[in-house]
There are 2 protein chains.
Amino acid sequence: MNKKQLQSEQTRKRIGDAARHLFVQKGYKATSIEEITAATGSSKGNIYYHFKSKEGLFLYLLDEWNRDWIEKWREKEHLYASAAEKMYGFAEQLVREDLNHPLTKAADEFFIGDDKTCEVEDRLAEMVAEHLAFNRMLIQEGIDSGEFRSGDPAGLAVVLEALVVGLSQMSRRSSLEQALAAYRLAIEVFLHGIAEPSAVSEPER
Amino acid sequence: MNKKQLQSEQTRKRIGDAARHLFVQKGYKATSIEEITAATGSSKGNIYYHFKSKEGLFLYLLDEWNRDWIEKWREKEHLYASAAEKMYGFAEQLVREDLNHPLTKAADEFFIGDDKTCEVEDRLAEMVAEHLAFNRMLIQEGIDSGEFRSGDPAGLAVVLEALVVGLSQMSRRSSLEQALAAYRLAIEVFLHGIAEPSAVSEPER
DNA sequence: AATAATCCTGAACTTTCGTTCAGTATCTTA
DNA sequence: TAAGATACTGAACGAAAGTTCAGGATTATT
């Protein structure tokens, strides 16, 4: 590899890392190009040399993130014996990986903001669908193995996603230990609920 | 009451209603004063005559919202016989009231944005604490009545809050029926979990 | 009726932020 | 080594948004 190419790749990574960190921490709009340059030492123009635009940079990060996340999961997945263990492993990776997925907060700004490009909109809808599909498969595995009661996997996938999205938002200002504890407790509740098994109650209507 | 005073109160309400609607729908930063004026027919200056600033307007809405929500809850609370029923009623009010609390999305922008005033920061931390206290009390009631297993009410309050926050975010683009179904399912899971009672599994470590 | 108080307008100011671009430095290639 | 390609700089531009203000319209007070 060329020295130029190497350099290019390095700064790209540098910018990407700094930008991701800021996006995750502060959201999309609240993070300015100025701040990214300050965090990298690069200049404004350099960002636009390596990335098409702010949107482009963000989209690139989303793709990269998703790829890495899935890859890491594939490496670990087989270590877990049961579906329940997988759920805890899933939560742990969510916390350890970055304490939250950029998609949860920043991408939501995209969806809602008026300035959304069609390309971005499509890509984001796709990613949410992927997330739900992932969750559904996780739950389906447990059902197939007899660990989980058979029910509505699609609906439960939404509930799980909501739990994850909410936790990432609530845990943004807490320590890793606190976050891990919260996630673990959440999965525990997701699996076993909080009600006494004896006290069966149904929703009204 | 004066004609002037009445007029003033009416426009205040008009501005507040329009602003709340936009904030809930689009988030804090994405909603401009311009848009609020367009939605009300009032002028820019008029908003600043009635409210100190955009932040002030938002803070006012948060307070108002919280008051109304609590009030409505107090009216309904006694109708529910069990703690479990209360949880479903709680979820239902969350959906029906506005499908999401401004605090969930817009307020999070406040917390994270750099431009936060000290006054605002304090007020918001207070409100989150109030929310968690509310949840904890709800859970504690169930524990006291023997419906819920005794555990970590504070931790469970965070899990419940996360569920609500996440659901509100996920349900922003779905119909009322879909949202209600998702919330109900979530509460069902929160109460009973998804695991087969026979298959007991613990978190690793 | 006249003066004061209140409500409201909208143009202009200021700041912030994404984006561009002419120019410089460094490296590759022929 | 000379010419071209690549990596980078930072000032400047333009659009958007929050805020202010001088003044007009409406209502209250004396």
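First the proteins, then the strands, lettered A, B, ... as listed; each starts at 1. Excluded from the calculations below are hydrogen atoms, water molecules and symmetry mates; all remaining heavy atoms, backbone and side chain alike, are included.
Of the listed nucleotides (D:dC8, C:dT9, C:dG18), C:dT9 has the atom at the smallest distance from the side chain of B:S42. Closest approach to the A:Y48 side chain among C:dC7, D:dG18, C:dT19 is made by C:dT19 (side chain taken as heavy atoms from C-beta onward). Set against C:dG18, D:dT19, C:dT9, the side chain of B:S53 has D:dT19 as its closest nucleotide.
Atom pair B:I15:CD1 and C:dC8:C1' shows a separation of 10 Å (rounding to whole Å applied). Atom CD of B:E34 and atom C1' of D:dA16 are 9 Å apart (whole Å). Rounded to whole Å, atom P of C:dC7 lies 16 Å from atom CD1 of B:I47. Separating the CG atom of B:L22 from the P atom of D:dA17 is a distance of 13 Å, rounded to the nearest angstrom. Atoms CD (B:E55) and C1' (D:dA17) sit 14 Å apart, rounded to a whole Å. Atom C1' of nucleotide C:dG18 and atom NZ of A:K29 are separated by 12 Å, given to the nearest angstrom. Atom CD1 of B:I36 and atom C1' of C:dC8 are 17 Å apart (whole Å). Nucleotide C:dA22 holds its P atom 18 Å from the CG atom of A:N46, rounded to whole Å.
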- Item | Letter per nucleotide, 5' to 3', of nucleotides 23-30 of chain D [B base touched, S only sugar-phosphate touched, - untouched; heavy atoms, 4.0 Å] | ---BSS--

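Taken from CZ in B:F51 to CZ in B:F58, the straight-line distance is 13.0 Å, to the nearest 0.5 Å. For the atom pair OG of B:S145 and CD of B:Q140, the computed distance is 10.0 Å after rounding to the nearest 0.5 Å.
A sub-4.0 Å separation between OP1 or OP2 of C:dC7 and a side-chain N or O of B:T11 is absent. Close to C:dC7, at under 4.0 Å from its OP1 or OP2, lies a side-chain N or O of B:S8. The side chain of B:Y49 contributes no N or O atom lying less than 4.0 Å from OP1 or OP2 of C:dC8. OP1 and OP2 of D:dT6 both lie 4.0 Å or more from every side-chain N or O belonging to A:H50. Taking side-chain N and O atoms only, A:K54 has a distance below 4.0 Å to OP1 or OP2 of C:dG18.
Partners of A:K4 according to the side-chain hydrogen bond (donor to acceptor under 3.5 Å, both in side chains) rule, which considers only residues two or more places apart in sequence or in another chain, do not exist here. Evaluation of the ring pair (Phe, Tyr, Trp, His ring centres under 6.0 Å) rule for B:F134 yields B:W69, B:W73, B:F90 as partners, not counting sequence neighbours.
Between A:E75 and A:K72 there is no salt bridge, since no side-chain N of the basic residue sits under 4.0 Å from a carboxylate O of the acidic one.
At a threshold of 4.0 angstrom between heavy atoms, the contacts of B:T31 are confined to the sugar-phosphate backbone, with no base atom among them.
Among A:N135, A:L163, A:L132, the one residue that satisfies the side chain to side chain contact (heavy atoms under 4.5 Å, CB included) test with A:V158 is A:L132.
No donor-acceptor contact under 3.5 angstrom links the side chains of A:S53 and A:E55, judged on distance only.
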